[in-house]
Participant: 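Mind looking over this structure? Questions follow.
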Amino acid sequence: MRWAAYAVPAMEYVESVLTVVERIPPGRVMTYGAIAEYLGRGGPRQVGTVMARYGGGVPWHRVVAANGRVVPGHEEEALQRLRSEGTPLRGDRVDVHLAEWWPD
DNA sequence: CGATTGACCCTTC
DNA sequence: AGAAGGGCCAATC
């Protein structure tokens, strides 16, 4: 059965992405581009696709766009959680400049 | 192989 | 500060 109606990256890539997202500590966020760069593979779009399909089991709210925009379709929930964790927010957006985190 | 699509990113107006 | 266009990578039809 085709779980996805569109292109889905290799399982290995998905695994890597989810692992990185799980490593993001509370109060910090990571951008799609950052994840893609850290993995050194694919691009922001692949990461986004992975999150859309398989992001249900990880703190997806800690993954934001480069401009600080939170996940579309779940802004309220994401903002609420981020606020709870003490993530630097700038109104309805995340202050990526301060909150962006990179794995060691 | 060409066209299409997607939780994107960057430059420019 | 917001909108538009072009580029990006991988997979499916």
Side-chain angles (χ1 to χ4, degrees):
Chain A
M1 174 157 177
R2 260 177 245 347
W3 315 315
Y6 50 87
V8 174
M11 200 62 168
E12 216 168 70
Y13 187 70
V14 175
E15 216 181 303
S16 306
V17 173
L18 296 181
T19 301
V20 174
V21 174
E22 277 185 16
R23 274 192 171 137
I24 304 176
R28 303 268 177 178
V29 298
M30 240 180 131
T31 65
Y32 296 96
I35 295 174
E37 273 217 18
Y38 175 71
L39 294 177
R41 198 150 217 76
R45 317 205 54 128
Q46 266 50 284
V47 177
T49 301
V50 170
M51 292 304 290
R53 278 304 324 146
Y54 303 92
V58 295
W60 48 267
H61 54 276
R62 293 187 195 147
V63 182
V64 300
N67 58 345
R69 255 296 199 174
V70 297
V71 178
H74 297 279
E75 297 185 47
E76 292 183 47
E77 195 171 331
L79 283 172
Q80 195 174 312
R81 283 184 168 217
L82 291 170
R83 215 176 267 239
S84 255
E85 296 177 352
T87 309
L89 297 178
R90 207 182 88 188
D92 56 334
R93 308 234 250 171
V94 177
D95 196 333
V96 180
H97 191 65
L98 295 176
E100 191 174 26
W101 174 85
W102 276 74
D104 291 317

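Convention: sequence-line order gives letters A, B, ...; per-chain numbering from 1.
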Participant: Can you check the A:Leu18 CG to B:dA7 P distance for me, whole Å?
Facilitator: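 About 16 Å, once rounded to whole Å.
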Participant: Give the rounded distance in Å between these two atoms: CZ of A:Arg62 and C1' of B:dA7.
Facilitator: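 Between C1' of B:dA7 and CZ of A:Arg62: 17 Å.
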Participant: Do A:Pro59 and A:Val21 have side chains that get closer than 4.5 Å, going by heavy atoms?
Facilitator: yes
Participant: Determine whether the side chains of A:His61 and A:Glu85 contain a donor N or O and an acceptor N or O closer than 3.5 Å.
Facilitator: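 Yes.
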Participant: For DNA chain C, which residues of residues 30-46 of chain A approach it to below 4.0 angstrom with any heavy atom?
Facilitator: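 Per residue number, the list reads A:Gly42, A:Gly43, A:Arg45, A:Gln46.
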Participant: Looking at side-chain heavy atoms only, is the closest gap between A:Glu75 and A:Arg69 below 4.5 Å?
Facilitator: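 They are in contact (side-chain heavy atoms under 4.5 Å apart), so the answer is yes.
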Participant: Please tell me which of the listed nucleotides, B:dC10, B:dA7, B:dG6, lies nearest to the side chain of A:Ala66?
Facilitator: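 Between B:dC10, B:dA7, B:dG6, the one nearest the side chain of A:Ala66 would be B:dC10.
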Participant: Could you tell me the separation between the CG atom of A:Asn67 and the C1' atom of B:dC10, rounded to a whole number of Å?
Facilitator: 11 Å
Participant: Check the distance between B:dA7's P and A:Leu79's CG and give it to me in whole angstrom.
Facilitator: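 Between P of B:dA7 and CG of A:Leu79: 19 Å.
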Participant: Taking atom CZ as the centre, does A:Arg93 end up with more than 12 heavy-atom neighbours from other residues, nucleotides or ligands that are less than 6.0 angstrom away?
Facilitator: yes
Participant: Rounding to an integer number of Å, can you tell me how far A:Arg69 CZ sits from B:dC10 C1'?
Facilitator: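 That distance rounds to 18 Å.
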Participant: How many Å lie between OH on A:Tyr13 and C1' on B:dC8, as a whole number?
Facilitator: 11 Å
Participant: Using the C1' atom as the reference point in each nucleotide, state the distance between C:dC13 and B:dA7 in Å, no decimals.
Facilitator: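 Each nucleotide's C1' atom is 23 Å from the other's.
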Participant: Side chains of A:Val29 and A:Trp101: does their closest heavy-atom pair fall under 4.5 Å?
Facilitator: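 No; the side chains remain at least 4.5 Å from each other.
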Participant: Check the distance between B:dT5's C1' and A:Arg53's CZ and give it to me in whole angstrom.
Facilitator: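 Result: 15 Å.
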Participant: Please write out which residues are connected to A:Leu98 in a hydrophobic cluster, directly or through intermediates, given that two of Ile, Leu, Val, Met, Phe, Trp, Tyr count as joined at side-chain heavy-atom separations below 4.5 angstrom.
Facilitator: none
